[in-house]
Amino acid sequence: MERIVVGMSGGVDSSVSALLLKQQGYDVVGVFMKNWAEKDDNGVCTATEDWHDVQDVCDCIGIPYYAVNFEKEYWDRVFATFLEEYRRGRTPNPDVLCNREIKFHAFLDFALKLGATRMATGHFVRTDAPGGHTRLLRGVDANKDQSYFLYMLKEAQLARALFPVGGMTKAQVRELAARHGLPVSQKKDSTGVCFIGERNFRTFLQGFLPTTAGDIRTEDGRMLGEHIGLAYYTLGQRKGLGIGGGGDGRSWFVVEKDLQRNVLVVAQGEDSPRLFTRCALATQATWIAGEAPAPQGEPFRCTAKYRYRQPDQPVTACVVGDTLQLTADAPQRAVTPGQSVVLYQGEVCLGGAIVDQTANEPFAL
RNA sequence: UGGGGUAUCGCCAAGCGGUAAGGCACGGGACUUUGACUCCCGCAUUCGUAGGUUCAAAUCCUGCUACCCCAG
């Protein structure tokens with residue numbers, strides 16, 4: 001009987017994934033990952049509660065379970081980079097790295113050591129393998145599709161992974177959980193950085209980054225207020241600036257982080273031209289298939305998500321080495337250095353890259 | 001210390017005798033496996049201050065205080 005190790009988070013999706021695999025006759029083993037030690041804002045260690053839920057669920061399904069600790073790996077391979085990016089004034093996405101380095105690397109290795117041939121998670125994505133090449137496809141539930149977070153994976157990793165709920169809707173997953181009496185059927189979806197959880201992000205960052213106050217100014221230099229450190233803000237941000245009134249009375253948005261002068265530049269109005277760009281240069285391009293969708297330097301059409309859950313944006317892309325040049329058909333709002341842009345062709349997730357710069361004219365490659 | 005003007009929520013700002021609009025900020029919630037964005041709800045028994053007129057004042061009158069402008 002083929003053994004499958006399921007990454008159990010204590011949530012509904014991974015629980016139902018384990019349930020489905022068990023029903024399909026696999027030798028299912030549940031494994032809970034603990035990758036972050038701190039308690040949350042309320043002094044509660046959610047990891048402890050989640051671990052209890054995992055145990056309850058596994059008992060309910062009738063499968064063995066274990067816990068494994070990747071705190072060190074998480075810190076070294078994900079969090080260190082996360083902090084370094086913030087220090088550089090960028091806005092990283094730790095979860096895309098977490099998937100590449102932890103869930104589908106450290107954890108996958110662990111699963112294989114347990115004698116499994118493959119692993120499974122509760123991600124809302126699908127795979128197929130035409131011609132023996134595994135591809136990453138969007139989840140059937142367009143509203144929950146999580147392929148964005150898995151764009152950094154390689155074919156070899158995906159070939160070892162199963163995504164039992166990828167063909168279901170969230171509603172169906174909950175319904176199935178309820179029908180089988182899983183104790184987490186009504187548990188609220190978790191949000192926030194994976195393994196770190198929901199918390200006041202600014203307060204959280206203050207535990208790791210210095211607060212170097214500076215001016216908040218308009219593009220023409222008018223001083224409007226004070227910021228607590230550029231790392232604590234991101235492009236397109238509105239809340240938390242503490243500046244109101246003045247000008248035409250509309251809201252203020254972050255349009256630039258001037259590291260040299262330690263000035264946070266803001267502009268007024270959600271439609272400020274400074275908030276939009278059509279072109280982006282992204283680096284560290286990675287392709288699930290192992291190679292770019294088109295020959296070097298040759299433009300190709302596809303769609304892109306500049307952030308999770310953004311509707312697909314039609315773009316023209318061009319790859320040179322690990323650099324990706326993008327020109328969107330429509331201006332894009334607050335495309336942010338450090339964030340991931342993920343490319344698709346139809347249902348297939350091609351891969352993506354990390355935004356480095358933006359402009360209104362194409363970048364020369 | 002001569003003249004004129006303005007003082008309404010943290011900021012901007014309606015109100016012009018009939019019992020405090022709105023926007024921004026802020027707080028809470030929703031949405032969300034990143035950060036953001038977005039959406040919903042909340043947010044001045046009180047109008048610089050002390051008196052007066054009136055059935056009734058933020059709105060009229062007087063004193064005081066503060067700030068602004070023009071003159072000196």
Side-chain angles (χ1 to χ4, degrees), chain A residues 7 9-14 33 35-36 46 50 74 78-79 81-83 85-86 88-100 102-104 121-125 139 141-152 163 165 170 187-205 209 216 222-226 230-255 257 266-272 275-276 305-311 332-342 352 354-355:
Chain A
S9 66
V12 230
D13 305 336
S14 57
M33 276 178 271
N35 300 337
W36 193 259
T46 50
D50 289 335
Y74 186 81
V78 178
F79 206 68
T81 304
F82 170 80
L83 291 180
E85 285 284 87
Y86 268 115
R88 293 176 57 199
R90 306 181 12 136
T91 306
N93 180 335
D95 291 351
V96 295
L97 269 186
C98 175
N99 284 317
R100 186 184 70 188
I102 308 299
K103 291 178 184 168
F104 294 88
T121 70
H123 286 102
F124 280 92
V125 298
D141 187 336
N143 189 51
K144 296 297 292 186
D145 169 45
Q146 290 169 319
S147 56
Y148 178 91
F149 289 104
L150 300 186
Y151 85 94
M152 281 190 175
F163 304 105
V165 300
K170 183 75 188 193
K187 189 172 175 179
K188 188 182 184 306
D189 288 5
S190 66
T191 59
V193 178
C194 206
F195 297 121
I196 295 178
E198 212 164 344
R199 52 182 81 216
N200 182 306
F201 204 73
R202 182 176 292 193
T203 307
F204 175 70
L205 282 184
L209 297 171
I216 297 180
R222 195 152 47 94
M223 164 94 151
L224 291 180
E226 192 175 64
L230 294 182
Y232 294 90
Y233 306 84
T234 191
L235 299 191
Q237 179 174 336
R238 166 182 172 176
K239 292 289 183 179
L241 302 180
I243 49 180
D248 57 21
R250 297 148 84 198
S251 302
W252 296 90
F253 295 85
V254 175
V255 297
K257 302 210 283 186
V266 296
Q268 201 163 26
E270 62 272 61
D271 56 355
S272 166
L275 236 28
F276 293 85
K305 288 186 192 294
Y306 291 83
R307 49 176 51 75
Y308 179 52
R309 286 171 61 78
Q310 177 188 31
Q332 298 296 312
R333 183 182 184 286
V335 174
T336 307
Q339 288 284 293
S340 290
V341 57
V342 179
I354 297 179
V355 175

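Each chain gets a letter, A, B and so on, in the order its sequence line appears, and its residues count up from 1.
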If we take the P atom in both B:rA50 and B:rC68, what is their distance in whole Å?
-> 24 Å
Could you tell me the separation between the CZ atom of A:Arg202 and the C1' atom of B:rG27, rounded to a whole number of Å?
-> 14 Å
Consider the side chain of A:Thr234, meaning its heavy atoms from C-beta on, and name the nucleotide among B:rU32, B:rU38, B:rG35 that approaches it most closely.
-> B:rG35
Determine whether A:Tyr233 and A:Val266 make a side-chain contact, defined as any pair of heavy atoms from C-beta on separated by less than 4.5 Å.
-> no
Expressed as a whole number of Å, how far does the P atom of B:rC40 sit from that of B:rG23?
-> 11 Å
Please check if the side chain of A:Lys305 supplies one atom and the backbone of A:Val342 the other of a donor-acceptor pair under 3.5 Å.
-> no
For the residue pair A:Tyr86 and A:Phe82, does the interplanar ring angle fall in the parallel (under 30°), tilted (30 to 60°) or perpendicular (over 60°) class?
-> perpendicular
Looking only at atom C1', what distance separates B:rU59 and B:rA21, rounded to whole Å?
-> 15 Å
Does B:rC64 have a Watson-Crick or wobble mate here (both distances under 3.5 Å), and if so which one?
-> B:rG48
With both distances kept under 3.5 Å, what pairs with B:rG2, Watson-Crick or G-U wobble?
-> B:rC70
Please tell me which of A:Tyr306 and A:Lys239 maps to the more 5' nucleotide of RNA chain B, matching each residue to the nucleotide holding its nearest heavy atom.
-> A:Tyr306
Using a heavy-atom cut-off of under 4.0 Å over every strand shown, decide if A:Lys144 touches base, sugar-phosphate, or nothing.
-> sugar-phosphate
Select base, sugar-phosphate, or nothing to describe what A:Phe253 touches, counting heavy atoms under 4.0 Å on all strands.
-> sugar-phosphate
May I ask you to evaluate whether A:Arg333 reaches the phosphate of B:rC37, defined as a side-chain N or O under 4.0 Å from OP1 or OP2?
-> no
Rounding to the closest angstrom, what is the interatomic distance between B:rC67 and B:rU53 at atom P?
-> 32 Å
Atom NZ of A:Lys305 and atom P of B:rU32: how far apart are they, to the nearest Å?
-> 14 Å
Could you classify B:rC31 for me, syn or anti, using a glycosidic angle within 90° of 0 as syn?
-> anti
Starting at CD1 of A:Ile216 and ending at P of B:rC24, how long is that distance when rounded to a whole Å?
-> 18 Å
If you look at every strand shown and take non-hydrogen atoms under 4.0 Å, does A:Gly225 touch a base, only sugar-phosphate, or nothing?
-> nothing
A:Asp271 atom CG is separated from B:rU38 atom C1', nearest whole Å, by 15 Å
Could you give the distance separating B:rA13 and B:rG2 at their P atoms, to the nearest angstrom?
-> 31 Å
Taking for each residue the nucleotide of RNA chain B bearing the nearest heavy atom, is the 5' side occupied by A:Trp252 or by A:Ser190?
-> A:Trp252
Report which part of the nucleic acid A:Gln339 touches: base, sugar-phosphate, or nothing (heavy-atom distance under 4.0 Å, all strands).
-> base
Is any side-chain heavy atom of A:Ser340 less than 4.5 Å from a side-chain heavy atom of A:Tyr151?
-> yes
Taking atom P in both B:rG15 and B:rG27, what distance in whole Å separates the two?
-> 31 Å
Any sub-3.5 Å donor-acceptor pair from A:Tyr232's side-chain atoms to A:Leu209's backbone N or O?
-> yes
Strand partner of B:rA57, provided both Watson-Crick or wobble distances fall under 3.5 Å = none
Atom-to-atom span, CG of A:Leu235 to P of B:rA36 - whole angstrom | 13 Å
Are A:Asn99 and B:rU34 close enough that a side-chain N or O sits under 4.0 Å from OP1 or OP2?
-> no
For A:Thr336, report the nucleic acid contact type (base, sugar-phosphate, nothing); a contact means any heavy atom under 4.0 Å.
-> base
Backbone N/O of A:Phe149 and side chain of A:Asn99: donor-acceptor pair under 3.5 Å | yes
Nearest-angstrom distance, C1' atom, B:rG28 to B:rC16 | 37 Å
Phosphate-side-chain proximity, A:Arg238 and B:rC24, N/O vs OP1/OP2 below 4.0 Å = yes
Any A:Ser251 side-chain N or O less than 4.0 Å from OP1/OP2 of B:rA25 = yes
Rounded P spacing from B:rG51 to B:rA14 in Å | 29 Å
B:rG17 pairs with, by Watson-Crick or G-U criteria that keep both distances under 3.5 Å | none
Give one of base, sugar-phosphate or nothing for A:Gly249, where a contact means two heavy atoms less than 4.0 Å apart.
-> sugar-phosphate
Sidechain-backbone polar pair: A:Gln339 side chain, A:Thr91 backbone, donor-acceptor under 3.5 Å | yes
If B:rG42 has a Watson-Crick or G-U wobble mate with both distances under 3.5 Å, name it; if not, just say none.
-> B:rC26
Interatomic distance where CZ belongs to A:Phe149 and C1' belongs to B:rA36 [whole Å] = 12 Å
Measure from the side chain of A:Gln237, starting at C-beta and using heavy atoms only, and say which of B:rC37, B:rU34, B:rG35 lies closest.
-> B:rC37
